[in-house]
Amino acid sequence: MAAVLAALACLLGGALLASAQDETMYLADPAFAPRQRPGVFFMHEKHMDRAECTDCHHFYENGTNVWELGMETSCSACHDAADGGRLGLRRAMHGQCMGCHEAKGVASPAAPVMCGECHVRDSGEAKP
């Protein structure tokens with residue numbers, strides 16, 4: 001579960017394409033260039049009502065999450081896109097989102113767990 005929470009923290013990092021306080025963010029870590037699928041629209045504000053900031057955001061020192069507001073960074077600053085070594089970027093991101101939805105038993109159209117439910121190929125910035 002800690003890995004799941006750590007990955008969502010990366011998803012919400014400040015190096016993403018939208019401000020962390022925006023209601024809806026477009027998550028597309030630049031480490032996935034070119035991407036196989038489009039990025040994901042993430043409703044940050046809606047998730048803020050359901051979780052504490054440190055449930056998702058993280059920066060570990062000696063096994064303790066010492067993250068504070070303003071410490072945002074991209075997921076790929078710590079997680080390798082090649083999925084090698086420690087928890088890889090793709091597994092971290094997917095584990096965070098899908099793992100939380102499954103753990104809370106909220107897998108539904110409002111809390112998707114299937115690829116095409118999040119990675120929507122339609123128009124605008126959602127295209128890779």
Side-chain angles (χ1 to χ4, degrees):
M1 185 63 164
V4 170
L5 295 175
L8 189 55
C10 290
L11 283 174
L12 300 176
L16 299 173
L17 299 177
S19 165
Q21 297 305 314
D22 288 346
E23 182 174 335
T24 301
M25 303 166 59
Y26 181 64
L27 307 176
D29 196 297
F32 290 129
R35 292 185 300 281
Q36 293 176 339
R37 293 181 175 267
V40 173
F41 287 98
F42 177 74
M43 298 177 71
H44 184 258
E45 190 171 299
K46 184 179 248 183
H47 286 81
M48 290 172 59
D49 294 339
R50 294 172 171 82
E52 297 296 319
C53 295
T54 53
D55 287 342
C56 302
H57 295 274
H58 67 277
F59 182 82
Y60 288 97
E61 288 182 352
N62 299 320
T64 302
N65 185 0
V66 296
W67 183 89
E68 294 178 1
L69 190 61
M71 294 177 74
E72 290 86 0
T73 188
S74 68
C75 303
S76 57
C78 296
H79 296 278
D80 187 348
D83 277 341
R86 59 199 246 178
L87 185 62
L89 182 59
R90 186 178 320 274
R91 288 184 297 144
M93 295 174 86
H94 287 135
Q96 185 71 311
C97 298
M98 294 184 305
C100 187
H101 288 173
E102 291 168 348
K104 293 184 182 280
V106 293
S108 70
V113 295
M114 300 301 294
C115 303
E117 294 173 316
C118 296
H119 297 278
V120 178
R121 292 189 191 274
D122 55 5
S123 63
E125 64 183 336
K127 289 187 177 180

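Just so you know, these numbers use all the heavy atoms, side chains as well, and skip hydrogens, waters and symmetry mates.
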#### Entry: Those residues that, when tested against Ala77, pass side-chain contact (heavy atoms from CB on, under 4.5 Å) (two or more places apart)
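With neighbours one apart ignored, the set is Thr73, Ser74.
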
### Query
With sequence neighbours left out, what residues match Glu68 under side-chain contact (heavy atoms from CB on, under 4.5 Å)?
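Once residues adjacent in sequence are excluded, the partners of Glu68 under the side-chain contact (heavy atoms from CB on, under 4.5 Å) criterion are Met71.
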
### Greater than 12 external heavy atoms within 6.0 Å of Phe32's CZ
yes

### Message
Regarding Ser76 and Asp29, do their side chains bring together a donor and an acceptor under 3.5 Å, going by distance alone?
### Response
yes

What's the shortest heavy-atom distance between [X] and [Y], and which atoms?
X: Val120; Y: Pro38; result: O-CG, 3.4 Å
X: Glu117; Y: Pro112; result: CB-CB, 3.2 Å
X: Met98; Y: Val113; result: SD-O, 2.9 Å

### Task
Please state whether the rings of Trp67 and His57 are parallel, tilted or perpendicular, taking 30° and 60° as the class boundaries.
parallel

### Message
Once you measure the plane-to-plane angle for His79 and His58, does it fall in the parallel (<30°), tilted (30-60°) or perpendicular (>60°) bin?
### Response
perpendicular

Working to the nearest 0.5 angstrom, can you tell me the gap between [X] [atom1] and [Y] [atom2]?
X: Glu23; Y: Met43; atom1: CD; atom2: CE; answer: 5.5 Å
X: Asp80; Y: Arg90; atom1: CG; atom2: CZ; answer: 11.0 Å
X: Cys118; Y: His101; atom1: SG; atom2: NE2; answer: 7.0 Å
X: Met93; Y: Leu87; atom1: CE; atom2: CG; answer: 11.5 Å

### Query
Would you say His119 and Val40 make side-chain contact, with heavy atoms under 4.5 Å?
yes

### Query
Would a distance-only check, ignoring hydrogens and angles, find a side-chain to backbone donor-acceptor pair under 3.5 Å from Asn65 to Tyr60?
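Answer holds: no.
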
